[in-house]
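Side chains included, hydrogens not; waters and symmetry mates left out as well; all remaining heavy atoms used.
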Amino acid sequence: MEGRASVGGRVVCQALPHQTWVLAALGEALSRPARSQQLVVGGLSGLRGYDAEQVTGHRLWRLNLEDRILLVRAAWNLASVGAAAFVDAARGQGPGAGDARWRTSAGFGLRLSFPHQGVSRVARLDLAWPVAARAGEPSGPAFSFGSRQAF
């Protein structure tokens, strides 16, 4: 019998006008998974300075901290513009995890929202770098674009 357990949480703090801090944590574990089944994180799934499948394993932890600032609200009644600075960290354990060490990345990004659009989506343009990348891992900047939360 296969099983999957997941625990996660998010804390959002808006102590200052036009600024939002977001802290998120996720832990997942597989029990008796199929040989080909892995938990995966990287790229757009919350470790923005790395490739899409950088961290794998049967147990996984991911932490994200993001500081979001609203720069312009509804400019020309068309779009709101914001900026973000972030730090991401993830660790996989178990078969397929390799050295099972924490991988971290940091970066900044641009946020665009269109308040008069029927769907409340935010376009994210992020530039991130791995922190303390080892040999064989990406070490340069990674650009990502998305229209939903990264974590």
A side-chain contact here means heavy atoms from C-beta on lying under 4.5 Å apart; do Arg91 and Val55 qualify? no

Basic-acidic side-chain contact under 4.0 Å: Glu66, Arg111: yes

Output for pair (Leu71 CG, Leu110 CG), nearest 0.5 Å, gives 8.0 Å

Is the shortest heavy-atom distance from the side chain of Ser105 to the side chain of Tyr50 under 4.5 Å? yes

Compare every heavy atom of Leu127 with every heavy atom of Pro141, then report the nearest pair and how far apart it is. CB-CD1, 3.9 Å

In Å and rounded to the nearest 0.5 Å, what is the CZ to CG distance from Phe108 to Asp126? 9.5 Å

Given side chains that start at C-beta, do those of Asn64 and Leu23 come closer than 4.5 Å, heavy atoms only? no

Flag side-chain contact, heavy atom, 4.5 Å: His58 against Gln37: no

When rounded to the nearest 0.5 angstrom, what is the spacing between CD in Glu53 and CD in Gln38? 9.5 Å

Considering non-hydrogen atoms only, spot the tightest contact between Val122 and Ser113 and give its length. CG2-CB, 4.1 Å

Taking all non-hydrogen atoms of both residues, which atom of Val40 and which atom of Ala52 are closest, and how far apart? CG1-O, 3.8 Å

Rounding to 0.5 Å, atoms CH2 (Trp61) and CG (Leu63) come to a distance of 8.0 Å

Do Gln19 and Asp67 have side chains that get closer than 4.5 Å, going by heavy atoms? yes

Quick one: CG on Leu112 to OG on Ser147, what's the gap to the nearest 0.5 Å? 12.0 Å

Nearest non-hydrogen partners of Gly140 and Pro130, listed with the distance: O-CD, 3.4 Å

What's the shortest heavy-atom distance between Ala106 and Val131, and which atoms? N-CG2, 4.1 Å

Report yes or no: is the cationic atom of Arg124 (NZ for Lys, CZ for Arg) closer than 6.0 Å to the six-membered ring centre of Phe145, at no more than 45° off its axis? no

Kindly indicate whether the side chain of Arg59, heavy atoms from C-beta on, has any atom under 4.5 Å from the side chain of Leu39. no

Is there a donor-acceptor pair closer than 3.5 Å between any side-chain N or O of Arg62 and the backbone N or O of Ser45? yes

Val87 and Leu125: same hydrophobic cluster, using ILVMFWY side-chain contacts below 4.5 Å? no

Start with the C-alpha distance between Trp21 and Val11, add both sets of side-chain angles, then the distance that settles side-chain contact (heavy atoms from CB on, under 4.5 Å), and finish with yes or no. CA-CA 8 Å; Trp21 286 86; Val11 176; over 6 Å; no

Neighbour count >12 (heavy atoms, 6.0 Å) for atom CZ, Arg73: no

Apply side-chain contact (heavy atoms from CB on, under 4.5 Å) to the pair Ser80 and Val72, showing each step before the final yes or no. CA-CA 5 Å; Ser80 293; Val72 178; over 6 Å; no

Considering only residues two or more places apart or on different chains, which pairs with a residue in residues 12-29 satisfy salt bridge (Lys or Arg N to Asp or Glu O under 4.0 Å)? Arg4-Glu28

How long is the gap from CG on Leu60 to CG on Leu26, to the nearest 0.5 Å? 6.5 Å

